[in-house]
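Here the structure is laid out as structure tokens; the discussion comes afterwards.
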2 protein chains.
Amino acid sequence: MGATKVENFTNKHNAIALMAKALGHPARVAIIDYLLKVNSCICGDIVNELPLAQPTVSQHLKELKNAGLIKGSIEGNSICYCIDEKAIARLQTYFDNISIKLENKKQLLLIIK
Amino acid sequence: MGATKVENFTNKHNAIALMAKALGHPARVAIIDYLLKVNSCICGDIVNELPLAQPTVSQHLKELKNAGLIKGSIEGNSICYCIDEKAIARLQTYFDNISIKLENKKQLLLIIK
DNA sequence: ATTCTTTATCGTAATATTGCAATATAATAA
DNA sequence: TTATTATATTGCAATATTACGATAAAGAAT
């Protein structure tokens with residue numbers, strides 16, 4: 001017990017959960033925010049920006065990368081990180097669809113009444 | 001150590017992380033999906049729908065409620081749960097803004113080149 | 001009043017996450 | 001070659017999460 005029963009849920013639900021989980025920590029939201037501001041940067045820049053030690057930032061970057069939210073490219077002896085638009089687009093579509101469905105339901109209820 | 005240093009991050013980042021974290025488990029994504037389909041339901045319906053025991057479902061509902069993603073209203077001896085549109089709208093806006101900013105950056109780069 | 005139904009809470013075990021010091025790795029600079 | 005720089009990994013302690021059986025709480029039905 002204790003571990004999530006991933007195999008009991010759909011791929012879609014697991015995929016959304018994986019991305020959402022990656023954004024489930026303020027440091028990682030802050031990293032995304034920073035990357036959005038500077039377009040791309042190296043790990044050290046984020047270490048200077050956040051109140052966390054280098055290994056901790058490296059770990060958060062690893063999780064964001066693992067969830068597909070960012071991608072890194074080797075640039076000399078450092079690694080250049082940037083947001084992966086595809087993951088953001090997927091999350092955007094997910095929440096857009098929920099909003100649309102909720103709005104449709106609301107309109108239907110108004111018509112019925 | 002071990003606990004998230006919530007006090008070191010902005011309210012905005014903490015707020016997004018709180019909602020994202022709530023969706024960071026496939027069971028909770030599945031609950032939102034189900035609520036979207038049936039509009040509103042009671043805990044027992046979700047217990048029948050998911051491969052999880054009643055206390056586990058109750059706990060997941062508590063977390064979704066705590067993050068503001070769902071709301072419950074007492075209905076006789078059961079509790080009627082539904083999606084809280086405000087939280088969804090906030091997340092939708094968050095991802096829309098990221099997408100817009102990424103798109104703007106892309107356009108700018110095209111102009112410069 | 002007693003039973004049934006529905007949900008929440010408690011207690012607990014298993015596992016995951018967070019954070020960092022120390023260290024490893026790998027490319028660059030001297 | 002030997003620093004130096006930039007990241008990643010390891011190891012570990014503190015804490016959080018996940019899951020569920022047992023049980024409590026509270027309204028509904030008999």
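Sequence lines set the chain letters: A, B, ... in the order given, protein chains first and strands last, and positions in each chain run from 1. Since the model is a prediction, treat every value here as computed from it, not as a measurement.
In this structure, the CD atom of B:Glu63 is 14 Å from the C1' atom of C:dT17, given to the nearest Å. Distance B:Asp45 CG to C:dT7 C1': 13 Å, rounded to the nearest Å. Going from atom CD1 of B:Ile46 over to atom C1' of C:dA8 covers 14 Å, rounded to whole Å. Following rounding to the nearest Å, B:Asn14 (CG) and C:dT18 (C1') show an atom-to-atom distance of 15 Å. In this structure, A:Gln59 atom CD and D:dT15 atom C1' are separated by 14 Å, rounded to whole Å. Between B:Lys62 atom NZ and D:dA16 atom P the separation is 14 Å, expressed in whole Å. Atom CG in A:Leu61 sits roughly 15 Å away from atom P in D:dA6 (whole-Å rounding). For the pair B:Asn8 CG and C:dG19 C1', the computed distance is 12 Å after rounding to whole Å.
Of all nucleotides listed (D:dA19, C:dT18, C:dT9), D:dA19 comes nearest to the side chain of B:Thr56. Out of D:dT7, C:dT18, D:dA19, the shortest distance to the side chain of B:His60 is found at D:dA19. Of all nucleotides listed (C:dT18, D:dG21, D:dA8), D:dA8 comes nearest to the side chain of A:Ser58.
Within a heavy-atom distance below 4.0 Å of DNA chain D, no residue of residues 16-27 of chain A is found.
Contacts of B:Leu52 with the nucleic acid, taken as non-hydrogen atoms under 4.0 Å apart, involve only primed sugar atoms and P, OP1 or OP2. In this structure, A:Ser78 reaches the sugar-phosphate backbone alone: every heavy-atom distance under 4.0 Å involves primed, P, OP1 or OP2 atoms, never a base.
Atom CG of A:Asn104 is surrounded by more than 12 heavy atoms from other residues, nucleotides or ligands within 6.0 Å. Within 6.0 Å of CG in B:Leu110 there are more than 12 heavy atoms belonging to other residues, nucleotides or ligands.
When all heavy atoms are compared, the tightest approach of A:Ser40 to A:Cys82 is CB-CB, 3.9 Å.
The CG atom of B:Asp96 lies 5.0 Å from the CG atom of A:Asp96; values are rounded to the nearest 0.5 Å.
Shown here are the salt bridge (charged side-chain N to carboxylate O under 4.0 Å, His left out) partners of A:Asp33, two or more places apart in sequence or in another chain: B:Lys12. With sequence neighbours excluded, the residues forming a ring-ring contact (aromatic ring centres under 6.0 Å, His included) with A:Phe95 are B:Phe95, listed by chain and number. B:His13 meets the ring-ring contact (aromatic ring centres under 6.0 Å, His included) test with no other residue; sequence neighbours excluded.
Nearest-nucleotide positions on DNA chain C place B:Cys43 closer to the 5' end than the other of B:Cys43 and A:Glu75.
Side chains of B:Glu85 and A:Lys106 form a contact here, defined as non-hydrogen atoms less than 4.5 Å apart.
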Protein heavy-atom contacts under 4.0 Å, written 5' to 3' over nucleotides 22-30 of chain D as B (base), S (sugar-phosphate only) or - (none), form the string B----BS--

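Within the hydrophobic cluster formed by Ile, Leu, Val, Met, Phe, Trp and Tyr side chains joined at under 4.5 Å, directly or through other members, A:Leu108 is accompanied by A:Ile112.
The aromatic rings of A:His25 and A:His60 sit tilted relative to each other, their planes meeting at an angle between 30° and 60°.
The shortest distance between the side-chain N/O atoms of B:Tyr81 and the OP1/OP2 oxygens of C:dA8 is below 4.0 Å.
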